[in-house]
There are 2 protein chains.
Amino acid sequence: MSTKQQEKDFLAHYNVHDHDIPLSCVDVVIFTIIKDQLNVLITQREDFPFKGNWAIPGGFIDINQDKDIEQTAQRKLKEKTGYDAPYLEQLGATGNNTRDPRGWSLTVTYFALVNADNVVFGKDSCWCELNDGGIIQEKLAFDHALLIKDAFQRLKNKTQYTTIALHVLPPKFTLSELQKCYETILGGKLNKSGFRRRIIKSNVIEEIKGESKQTATRMAQLYRKSDDELHFYLREIYPTFS
Amino acid sequence: MSTKQQEKDFLAHYNVHDHDIPLSCVDVVIFTIIKDQLNVLITQREDFPFKGNWAIPGGFIDINQDKDIEQTAQRKLKEKTGYDAPYLEQLGATGNNTRDPRGWSLTVTYFALVNADNVVFGKDSCWCELNDGGIIQEKLAFDHALLIKDAFQRLKNKTQYTTIALHVLPPKFTLSELQKCYETILGGKLNKSGFRRRIIKSNVIEEIKGESKQTATRMAQLYRKSDDELHFYLREIYPTFS
DNA sequence: ATTAATAGTGTACTAAATGCACTATTAATT
DNA sequence: AATTAATAGTGCATTTAGTACACTATTAAT
C-alpha cells in the first residue's frame with residue numbers, strides 16, 4: 001500500500017476522542033473608557049461551573065461554527081456588545097490543569113478596545129471599573145482576574161509606543177480628549193506639546209476642517225482617525241506621576 | 001438541592017468528549033546562529049499526517065504529563081535538543097479548520113533561542129538555514145513555514161528593543177560577536193560605538209576581568225551575561241542596509 | 001470688565017540614537 | 001625588522017524626538 005493511501009486510511013479512522021485532550025476556549029477582555037476611568041466588560045455566567053459568577057465573555061470554540069479562533073473571539077464580542085469592528089488583538093494562550101474544574105483547560109485570550117457609546121449590551125453584562133493595579137473588585141470566575149491583569153499590562157505597554165488609544169474614542173474627538181485617554185490608560189500625566197507633536201507627526205489623525213467642539217471653556221478643533229492601522233513609534237512616551 | 005451540590009454533580013458527570021472540540025498542540029520554533037546564519041531546528045515526522053516530512057518540533061499537549069502549556073513546550077524542546085534552560089517565549093495561538101487534515105486544530109507556538117554548541121540532537125533533527133524572507137527552502141508540514149515566519153518577525157522586532165540576542169551566545173563572548181548576532185538577526189549593519197554604548201549602559205553584560213580572546217587580528221575583551229532577564233530599551237535600534 | 005480654565009504654540013533643554021574619524025593591537029607580508 | 005591589513009576599541013559632532021515650561025488665545029462664568 002502506498003504511503004499516500006496509508007495516510008488516507010489513517011485520516012479516515014482518526015478520532016479526536018481517542019485521546020485525552022484539553023478543553024479549548026476563547027476569552028475576550030473588552031476595555032473601554034467611561035468618565036475618565038478604564039472599564040472592563042463582565043458578564044454573568046449562565047451555566048456551571050461558576051454559575052451566577054461574573055466572568056469575561058468567552059466560551060468554547062465551536063468547531064462547526066467558527067473557521068478560526070479569531071472568528072470565535074469576534075463572535076463572543078458581537079454577542080456581548082453588538083460591536084462589529086473593534087480593535088481586537090490576541091494576547092496569548094493560557095493552559096493548565098488548575099484553571100477549570102472541568103479539567104485540563106486551554107484558553108486563548110483576546111483583548112478588545114471599544115468606544116462605549118457604540119456598545120449595545122447583551123443581557124447579564126455590564127461595565128466594571130478597574131482600579132490602579134488593574135484588578136477588578138468583583139470575584140471573577142476561573143483565572144479571569146489574572147487574564148484581565150495581563151491584558152491591562154499589554155494595553156499599557158502598547159499605549160507607550162503605539163496609537164492604540166485612538167480606538168476608545170468616538171469618530172470625532174479633540175486632541176485633549178485623546179491625550180486624556182492616554183493618561184487614563186497610563187495612570188499619569190503627559191506633556192501637552194510633546195504629545196501633540198508626536199501624534200500629529202505620526203499622521204494617524206487629521207483635522208476635520210471647519211469643525212470644532214465647545215469644551216468647558218473654549219472651542220477645540222475636532223479630529224478624525226485617518227487610518228485604522230496602529231502606528232508604532234521608535235521611542236516610548238512615559239508619563240509623570242508627580 | 002443547593003447550587004453547590006448542583007455544581008458538584010455537574011462536574012462529576014462532565015465529559016470532555018460529549019462535545020466536538022479541536023485538537024490542541026504546542027509547537028516550538030528553535031532559533032540559533034551558525035556561521036553568521038540564522039537557523040531553525042526541524043525534525044522529520046515519524047507519524048501520519050505528513051509522515052516523513054520536515055516539521056518544527058511539537059505535538060499534542062499530554063494532559064497527564066504536562067501541568068501547563070509551558071511545560072509541554074519545555075518537554076518538546078528537551079526531547080529535540082537536550083537543552084534545559086533556553087530563552088523560551090510564547091508567540092501566540094493559531095487555530096483553524098484548515099491547518100491539520102485530522103480536523104479543527106489549535107496550536108500554541110513558542111519560540112526559543114539557543115546556543116548551537118549546547119545542542120544535542122535527538123534523532124531525525126537538523127538545523128536548517130533561513131533565507132532573507134525567513135522562509136525555509138524545505139517543504140514543511142502543516143502551516144509550519146508560516147509559524148516560522150511569524151516567529152522570525154517577532155525575533156527581529158525584539159532584537160530592535162531588547163537584549164534578546166544575548167541568548168544565542170556561549171557563556172563567554174566578545175562585543176563584536178554580540179554585535180554580529182544582532183546584525184545577523186536584523187539583516188543589516190549596526191553602528192559600532194552606538195551599539196557598544198547601548199549594551200554597556202544597559203548593564204546586562206560584564207567584562208570578565210583579565211580574560212580576552214584572540215580574534216583574526218588582535219585580542220578582544222571577553223564578556224559574560226550578568227543577568228538572564230531581558231532588558232527593554234526605550235528606543236529601537238535600527239540597522240542600515242546600504 | 002475681570003477671572004478662570006482649557007486650547008493651542010514656541011522654545012530651551014536633554015537623552016540617546018547615528019555617522020564618521022580616529023587610535024590600539026597583532027598576525028601576516030615583505 | 002619594518003610595513004600592511006584587519007579588527008578592537010574610543011571620541012566627538014550631528015540628529016531626532018523626547019521633556020519642561022512658559023507663553024498666547026478663546027470663551028463661559030462672575
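Since we're looking at a predicted model, the values are computed, not measured. Throughout, a chain's letter reflects where its sequence line sits, starting with A, and its residues are numbered from 1.
Of all nucleotides present, only dT2(C) satisfies the Watson-Crick or G-U wobble test against dA29(D), with each distance under 3.5 Å. Look at dC22(C): its Watson-Crick or wobble partner, with both distances under 3.5 angstrom, is dG9(D). If you check dA15(C) for Watson-Crick or wobble pairing at under 3.5 angstrom, you find it paired to dT16(D).
In this structure, L234(B) reaches neither bases nor backbone, as no heavy-atom distance under 4.0 Å exists between it and the strands shown. Counting non-hydrogen atoms under 4.0 angstrom, K192(A) reaches a base of the nucleic acid. As judged by a 4.0 angstrom heavy-atom cut-off over every strand, S193(A) is placed among the base-contacting residues.
Judged by distance alone, with hydrogens and angles left aside, the side-chain atoms of N39(A) form a donor-acceptor pair with the main-chain N or O of Q37(A) at under 3.5 Å. Judged by distance alone, the side chain of Q160(B) and the main-chain N or O of Y238(B) form no donor-acceptor pair under 3.5 Å. A donor-acceptor contact shorter than 3.5 Å is absent between the side chain of T107(B) and the backbone of T109(B). A side-chain donor-acceptor contact under 3.5 Å links T32(B) to the backbone of A116(B). A side-chain donor-acceptor contact under 3.5 Å links Q71(A) to the backbone of K67(A).
Along DNA chain D, the nucleotide closest to R197(B) and the one closest to T174(B) are compared, and the more 5′ of them pairs with T174(B). Nearest-nucleotide positions on DNA chain D for T217(B) and N191(A) put T217(B) closer to the 5' end.
Rounded to whole angstrom, the span from the CZ atom of R235(A) across to the P atom of dT19(D) amounts to 9 Å. The distance from atom CD of Q179(A) to atom C1' of dT19(D) is 13 Å, rounded to the nearest whole Å. For the pair Y233(A) OH and dT16(D) P, the computed distance is 17 Å after rounding to whole Å. Between M219(B) atom CE and dG9(D) atom P there is a gap of 10 Å when expressed in whole angstrom units.
Ring orientation note: the planes of H231(B) and Y233(B) are nearly perpendicular, at an angle over 60° on the 30°/60° scale. Classified by interplanar angle (parallel below 30°, tilted 30° to 60°, perpendicular above 60°), the ring pair F195(A)/Y182(A) is perpendicular. Classified by interplanar angle (parallel below 30°, tilted 30° to 60°, perpendicular above 60°), the ring pair F111(A)/F31(A) is perpendicular.
With a 4.5 Å cut-off on side-chain heavy atoms, L91(A) and L147(A) do not count as touching.
Side chain R198(A) to base dT19(D): no donor-acceptor pair is found below 3.5 Å.
Taken residue by residue, residues 220-227 of chain B places heavy atoms nearer than 4.0 Å to DNA chain D at A220(B), Q221(B).
Running 5' to 3' along DNA chain C, contacts with non-hydrogen atoms of chain B at under 4.0 Å begin and end at dA15(C) to dA27(C).
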